[in-house]
Amino acid sequence: MIARLVTARKSQRLTQAMVASRLGKPQSYVSKIELCERRLDIYELKEFLDIYRMRSTEIYGE
């Protein structure tokens, strides 16, 4: 799931800093999630999906 989020971010040419800014968080927040050093809860996942304009089925698979 995290790998798919990273791929989505990169495919949209967004940096971690850009995503963090949209979330109102520091860049390290996004980095720790992408490195699996921090857990991502369902509400946070929803925020990422909104930024990347994705549906949950694109993350979890069908």
>> According to a hydrophobic-cluster definition based on side-chain heavy atoms being under 4.5 Å apart (Ile, Leu, Val, Met, Phe, Trp, Tyr only), do Leu49 and Tyr43 belong together?
In response: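 Per the 4.5 Å side-chain linkage, Leu49 and Tyr43 are co-clustered.
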> Yes or no on side-chain contact (heavy atoms from CB on, under 4.5 Å) for Ile42 and Lys46, after CA distance, side-chain angles and deciding distance?
Replying inline: CA-CA 6 Å; Ile42 193 72; Lys46 173 75 168 93; over 6 Å; no
Once rounded to the nearest 0.5 Å, what's the spacing between atom [atom1] of [X] and atom [atom2] of [Y]?
X     : Y     : atom1 : atom2 : value
Met54 : Thr7  : CE    : OG1   : 8.5 Å
Cys36 : Met1  : SG    : CE    : 8.5 Å
Arg13 : Met18 : CZ    : CE    : 11.0 Å

>> Among residues at least two apart in sequence or on other chains, which ones pass salt bridge (charged side-chain N to carboxylate O under 4.0 Å, His left out) with Lys32?
In response: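 Result, salt bridge (charged side-chain N to carboxylate O under 4.0 Å, His left out) vs Lys32: none returned.
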> Which pairs with one or both residues in residues 14-26 pass side chain to side chain donor-acceptor pair (under 3.5 Å), sequence neighbours excluded?
Replying inline: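 For residues 14-26: Gln16-Gln27, Gln16-Glu34.
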What pair of heavy atoms forms the shortest contact from [X] to [Y], and how long is it?
X     : Y     : value
Pro26 : Ala20 : O-CB, 3.4 Å
Tyr52 : Leu5  : CE1-O, 3.6 Å
Arg4  : Ile59 : NH1-O, 2.6 Å

>> Using the rule given for side-chain contact (heavy atoms from CB on, under 4.5 Å), can you reason through Phe48 versus Ile33, listing the C-alpha separation, both sets of side-chain angles and the distance that settles it, and then say yes or no?
In response: CA-CA 11 Å; Phe48 278 90; Ile33 288 171; 3.9 Å; yes
> Who passes side-chain contact (heavy atoms from CB on, under 4.5 Å) against Glu44, sequence neighbours left out?
Replying inline: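 Residues passing side-chain contact (heavy atoms from CB on, under 4.5 Å) with Glu44: Tyr29, Arg38, Leu40, Asp41, Glu47.
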